[in-house]
Amino acid sequence: MTPVQQLKTKQKAEFDQLQHTPFHVYTERQLTRIEPIRALPEAQRFAMRVVANILPFRVNQYVIDELIDWDNVPDDPMFQLTFPQPGMLGDTDFNRMADALLSGDKQAIKSTASTIRAGLNPHPAGQQVLNVPHLAGAPLAGIQHKYRETVLFFPSQGQVCHSYCTFCFRWAQFIGDKAMRFSAREAQELHHYLKQHRDITDLLITGGDPMVMKTHHLADYLLPLLKPELAHIQTIRIWTKSLTFWPQRYVHDKDADELLRLLDKLVNAGKHVALMAHFNHWREMNTNIAREAVRRVLETGAVIRTQAPLLNHINNDAAIWSQLWRTQVQLGMIPYYMFMERDTGARRYFEVPLARAWQVYREAVQSVSGLGRTARGPSMSAGPGKVEVQGVTEIGGEKVFVLRFIQARNPDWVQRPFFAKYDEQVTWLDQLQPALGAEKFFFQDEYEAMCSGEITPRNW
Ligand code: SF4
């Protein structure tokens, strides 16, 4: 056998093996049933339990077997991405939950968890107040409308993921507290709302991960968009991390082919269909099955745009990002966003200062070709909108961040450059100070008026 034939045989064997990987998930209760976890020191396992009693934990067998390098634990980025780390909580919170667990008092564990969670900013950027639209005077559950052109929809069957990311900014969706969860059981309200707002062009189906849904559920939400009265919805975006956590969804799952036919049908009917895929590290695209999944999705005519936050312990390195973008371009995907870790959940462990993020972005962009330079960022998805750090410069002897809105609650704010005092430690918009003698940022009064209810946030 030639070396090429040998390689092909090996790849086929791996592929066949993956066909039989069961979708089996583990949560906090089954942590010690995960084989490699049993080999870790008891103190490390206990620390994982402490964190997993506050922030959601869920991992599947494919991630355990194919993505994590267990010889490199705890530093392995895929391990950091999926398994709870002690630094994700502050010392006080960690010790409180550790004491509660040691006491064995279920009520104490529950109340300690909810007190700590409440202090972790479960719904950042005005999600539960400013983003929720109304229909006939009543708030629409499971829908967010922050930017004029785009509506986010949270289908009730899609409020879980194949595994959970430790850094997740949607963590509050997964902790079993219905008051903290966005979801909508009925598609009718969504379609009704879309019909009434003809300036909406993009529908983003999000979660959780909508790709956990059976194809027929997804079709119930998406096929009505082909009706003439919804022709103004030109783009269907589906937010997903399934290409990383369960690429079998597009290859071996029972309704994988049906899913691909659905995407194909939407594309052929004239919709632009984009999978908004999350990849935090190039390692996620290294398995044959992940590559096959990407190939099959692209074959339908859908595009895959990629996004991820810059995260300490996972991808805080320009070389990782350049390889990430290069691999994505090679596989036919389009790099779209580098985000800043949001001001919620385990941010203390993952966040990176804006100054550092800009350096990482700049170095990474410099080392890829033009086709890899399509990712915008570093960008903060903050209350007023998506704010990008465009650079650091000096104006009149003052060192400043140059910023712009990529998206904003008021479309008129978009693309206006504005300036903030340079500070090496700052990690988020609300820590920035106006520069060049200004007392406020140009959008501040209007945004505060939206927050106080003085003016309506969707005044388009
Ligand atoms: S896939 Fe997205 S929603 Fe799901 S846990 Fe990861 S970041 Fe959160």
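First listed ligand is number 1; within each ligand, the first listed atom is number 1. Please read these numbers as outputs of a predicted model, since none were measured by experiment.
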| task | Please report the C-alpha distance between R342 and S381 in whole Å, then the side-chain angles of each, then the deciding distance to 0.1 Å, and finally whether the side chain to side chain contact (heavy atoms under 4.5 Å, CB included) criterion is met. | result | CA-CA 7 Å; R342 287 174 76 157; S381 293; 3.7 Å; yes
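Under a 4.0 Å criterion applied to the non-hydrogen atoms of C161, ligand 1 contributes the atoms 1 (S), 3 (S), 4 (Fe), 5 (S). Counting atoms of ligand 1 from 1 in the listed order, those under 4.0 Å from a heavy atom of K241 are 1 (S).
At least one N/O/S atom of C168, from backbone or side chain, sits under 2.8 Å from atom 8 (Fe) of ligand 1. Checking C165 against atom 4 (Fe) of ligand 1, every N/O/S atom stays at or beyond the 2.8 Å cut-off.
Nearest heavy atoms, E28 versus A52: CG-CB, 3.5 Å. Heavy-atom minimum distance, N312 versus Y349: CB-O, 3.5 Å.
Listed for the R404 side chain is no donor-acceptor partner under 3.5 Å among the backbone atoms of V389.
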